[in-house]
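From a predicted model like this one, the values you see are computed outputs, not experimental measurements.
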Amino acid sequence: MPNHTSSTGPGPQEPAGIEMAELQAVFRNAMAGVATPVSVVTALKDGKAHGTTVSAFASLSMNPPMVMVALDRSSDLLSILRETGEYGVNLLGHEHSQWASTFAKKGSDKFNGIPWSVDTGLPRLPGASWVACSVESLVDGGDHVIALGSVLKVDLGNGKPLTYCQRTFGTHAPIPG
């Protein structure tokens with residue numbers, strides 16, 4: 001009878017025949033080829049707007065309506081979500097690539113010079129599709145935490161979506177049929 005062993009718990013394991021650093025590099029390049037929507041996730045704490053750009057956003061459930069976003073474990077915004085229990089998702093349009101770059105940077109002055117309003121108690125960027133959420137749960141996911149959100153409100157933006165693929169911004173265009 002073969003001898004089977006099991007892992008002692010979750011965590012990174014060295015893949016067979018490849019160094020972890022090499023696997024991570026190849027994985028990073030493979031994921032660069034996946035087109036993702038670009039969003040700015042926002043929260044409001046003590047009257048101050050906070051936000052960060054994410055490309056890991058997806059719908060999760062229609063009944064009830066839920067979405068998920070992944071935030072870096074060391075993100076200042078993640079600690080605010082833990083406190084406030086709510087977040088907004090601004091699904092950027094193709095004309096908002098500069099906002100995406102601004103909110104991707106570190107710092108607390110990301111909203112300087114960018115128009116915004118409060119909607120459902122959360123910072124909202126004009127022209128973007130809008131999803132206001134309450135935090136249903138936070139799930140560990142490696143170096144990120146996945147915020148599962150129950151949808152409280154949705155408004156549609158106008159125009160084509162901003163996407164990120166091959167380390168550049170773009171937008172979706174239908175394939176001529």
note = Cluster membership besides Ile175, Ile/Leu/Val/Met/Phe/Trp/Tyr side chains within less than 4.5 angstrom, sorted by chain and number, is none
message = By the side chain to side chain donor-acceptor pair (under 3.5 Å) test, which pairs, at least two apart or in different chains, include something from residues 50-67?
response = none
request  = Could you name each residue pair satisfying side chain to side chain donor-acceptor pair (under 3.5 Å) that touches residues 166-176, not counting sequence neighbours?
outcome  = Asn29-Arg167
inquiry  = Could you tell me if the side chain of Glu19 sits less than 4.5 Å from the side chain of Leu23, heavy atoms only?
reply    = no
inquiry  = Nearest 0.5 angstrom please: Leu77 CG to Ile80 CD1, how far?
reply    = 5.5 Å
Flag side-chain contact, heavy atom, 4.5 Å: Pro115 against Pro126 = yes
task = Only counting residues at least two apart or in another chain, list the ones meeting side-chain hydrogen bond (donor to acceptor under 3.5 Å, both in side chains) with Ser108.
result = none
request  = Give a yes or no on whether Ile146 and Leu78 share a hydrophobic cluster (residues Ile, Leu, Val, Met, Phe, Trp, Tyr; joining criterion: side-chain heavy atoms under 4.5 Å apart).
outcome  = no
Which donor-acceptor pairs under 3.5 Å do the side chains of residues 130-145 make with protein atoms, sequence neighbours left out?
unit_1: Glu136; atom_1: OE1; unit_2: Ser150; atom_2: OG; d: 2.7
unit_1: Asp140; atom_1: OD1; unit_2: Arg73; atom_2: NH1; d: 3.3
unit_1: Asp140; atom_1: OD1; unit_2: Arg73; atom_2: NH2; d: 3.4

task = Taking Thr42 for its side chain and Gly51 for its backbone only, find out whether a donor-acceptor pair lies under 3.5 Å.
result = no
inquiry  = Please report the interatomic distance OG1(Thr84) to CG(Leu122), rounded to the nearest 0.5 Å.
reply    = 7.5 Å
message = For the CG atom on Asp76, are there more than 12 heavy atoms of other groups (residues, nucleotides or ligands in this structure) within a distance under 6.0 Å?
response = no
query = For Tyr164, what are the other residues in its hydrophobic cluster, where any two members join if their side-chain heavy atoms are less than 4.5 angstrom apart?
reply = Val38, Val40, Leu44, Leu92, Trp99, Phe103, Phe111, Ile114, Trp116, Val118, Leu125, Leu162, Phe169
key: Contacts of Glu95 that satisfy side-chain contact (heavy atoms from CB on, under 4.5 Å) - sequence neighbours left out   = Asn158
ask   = Would you say the side-chain atoms of Ser129 pair up with the backbone N or O of Gly157, donor to acceptor, closer than 3.5 Å?
value = yes
task = Please name the pair of heavy atoms, one in Val54 and one in Ala70, separated by the smallest distance, quoted to 0.1 Å.
result = CG1-O, 3.7 Å
inquiry  = As an exercise, state the distance from CG of Leu152 to OH of Tyr87, rounded to the nearest 0.5 Å.
reply    = 10.0 Å
task = Report yes or no: do Met20 and Val26 belong to one cluster of Ile/Leu/Val/Met/Phe/Trp/Tyr joined by side chain heavy-atom distances under 4.5 Å?
result = no
ask   = Roughly how far, to the nearest 0.5 Å, is the SG atom of Cys165 from the CE atom of Met31?
value = 10.5 Å
task = Can you see which heavy atom on Met68 is nearest to which on Leu60, and at what distance?
result = SD-CD1, 4.1 Å
key: Results of salt bridge (charged side-chain N to carboxylate O under 4.0 Å, His left out) for Asp155 - residues two or more places apart only   = Arg124, Lys153
task = For residues 31-51, pull every pair meeting salt bridge (Lys or Arg N to Asp or Glu O under 4.0 Å), keeping only residues two or more places apart or in separate chains.
result = Lys45-Glu83
